[in-house]
Amino acid sequence: QLRLVESGGTLVQAGGSLRLSCANAKPGLEYYAIGWFRQAPGKEREGVLCISRANTVTTYTDSVKGRFFSSRDNAKNAVYLQMNSLKPEDAGNYYCAIPVYDPDKCPSPVGRPDRQWDHWGQGTQVAVSS
């Protein structure tokens, strides 16, 4: 059963780095594409990027290109979001999820989070001080 759990969020200074984790309690996460999303207060949830089962990364938000990266550690049953050169506008609650259709591939475009993604975790909060 899939039950994703995000972790690693904290307060960081602008320009700093942070690595978030997305894990599942049971083995098997390596068979799925994992999408990363974020939601700032008062804003809609937006797709950040996705890593496919084949480890191909699709970036959905132009502002993170060259700064955010994703990888997976199958031995630890986890997927990571490495965030570098953080900016105040990167702050928000970060979530991971799995595509509803073709769950091993990253949809492009990202699609509606409430319809094309599932198995959401509770999120992890990222704050960036200027």
Report task. Carefully, step by step, assess F37 and W117 under the rule ring-ring contact (aromatic ring centres under 6.0 Å, His included). Result -> CA-CA 10 Å; F37 293 77; W117 296 84; 4.9 Å; yes
Query raised in the report: Taking the side chain as C-beta and beyond, is there a heavy-atom pair between L4 and L29 under 4.5 Å?
Result: yes
Query - Where A91 and A127 come nearest, the two heavy atoms and their spacing - result: CB-CA, 4.2 Å
Query raised in the report: Which is it for Y80 and D73 under the side chain to side chain contact (heavy atoms under 4.5 Å, CB included) test, yes or no, and what are the steps along the way?
Result: CA-CA 8 Å; Y80 304 108; D73 185 336; 3.7 Å; yes
Report summary line: Result for side-chain hydrogen bond (donor to acceptor under 3.5 Å, both in side chains) between Q39 and one of E44, E46, R45 points to R45
Requested in this report: Measure across P103 and I98 and return the closest heavy-atom pair with its distance rounded to 0.1 Å.
Outcome: CB-CG2, 3.9 Å
Requested in this report: Please check if atom OH in Y60 has more than 12 non-hydrogen atoms from other residues, nucleotides or ligands closer than 6.0 Å.
Outcome: yes
**Report entry** Side-chain donor/acceptor of N93 to backbone N/O of Q125, under 3.5 Å
**Finding:** yes
Query raised in the report: Hey, mind stepping through V128 and K87 against side chain to side chain contact (heavy atoms under 4.5 Å, CB included) and telling me if it holds?
Result: CA-CA 6 Å; V128 182; K87 305 175 181 180; 5.6 Å; no
Requested in this report: Go through the steps to decide whether V126 and M83 satisfy the test side chain to side chain contact (heavy atoms under 4.5 Å, CB included), and finish with yes or no.
Outcome: CA-CA 10 Å; V126 173; M83 305 187 295; 3.9 Å; yes
Query raised in the report: Which pairs with one or both residues in residues 6-29 pass side chain to side chain donor-acceptor pair (under 3.5 Å), sequence neighbours excluded?
Result: S17-N84
Report summary line: With sequence neighbours left out, the residues meeting side chain to side chain donor-acceptor pair (under 3.5 Å) with Q122 are none
**Report entry** Shared hydrophobic cluster for V12 and L20 (ILVMFWY, side-chain gaps under 4.5 Å)
**Finding:** yes
Query - OG1 on T124 to CG on L18, rounded to 0.5 Å - result: 8.0 Å
Query raised in the report: Any Lys/Arg nitrogen of K65 or D62 sitting under 4.0 Å from an Asp/Glu carboxylate oxygen of the other?
Result: yes
Please tabulate, for side-chain N and O atoms in residues 109-116, each donor-acceptor pair with protein atoms closer than 3.5 Å (sequence neighbours left out).
residue, atom, partner, partner atom, Å
R112, NE, D114, OD1, 3.0
R112, NH2, D114, OD1, 3.4
R112, NH2, D114, OD2, 2.7
Q116, OE1, R112, N, 3.2

Query raised in the report: Are Y32 and V100 grouped together when hydrophobic residues (ILVMFWY) are joined by side-chain heavy atoms under 4.5 angstrom apart?
Result: no
Requested in this report: Output yes when a side-chain donor or acceptor of N77 lies under 3.5 Å from a complementary backbone atom of G28, and no otherwise.
Outcome: yes
Query - Pairwise distance CG(D104) to CD1(I34) - rounded to 0.5 angstrom - result: 11.0 Å
Requested in this report: Would you check if W36 and C22 make a side-chain contact, meaning some heavy-atom pair closer than 4.5 Å?
Outcome: yes
Report summary line: Tightest non-hydrogen contact, residues C106 and S52, listed as SG-N, 3.4 Å
Report summary line: Closest non-hydrogen contact found for A14 with S130 is CB-CA, 4.2 Å
Query raised in the report: side chain to side chain contact (heavy atoms under 4.5 Å, CB included) between L11 and S129: does it pass, once the steps are laid out?
Result: CA-CA 7 Å; L11 171 65; S129 63; 4.2 Å; yes
Query raised in the report: Angle class for the Y95/W120 ring planes (parallel below 30°, perpendicular above 60°, tilted otherwise)?
Result: perpendicular
Report summary line: For Y94 and F68 the tightest heavy-atom approach is OH-CE2, 3.9 Å
Report summary line: Nearest heavy-atom approach of L49 to S70 is CD1-CB, 3.5 Å
Query raised in the report: How far does CZ of R38 sit from OG1 of T61, to the nearest 0.5 angstrom?
Result: 5.5 Å
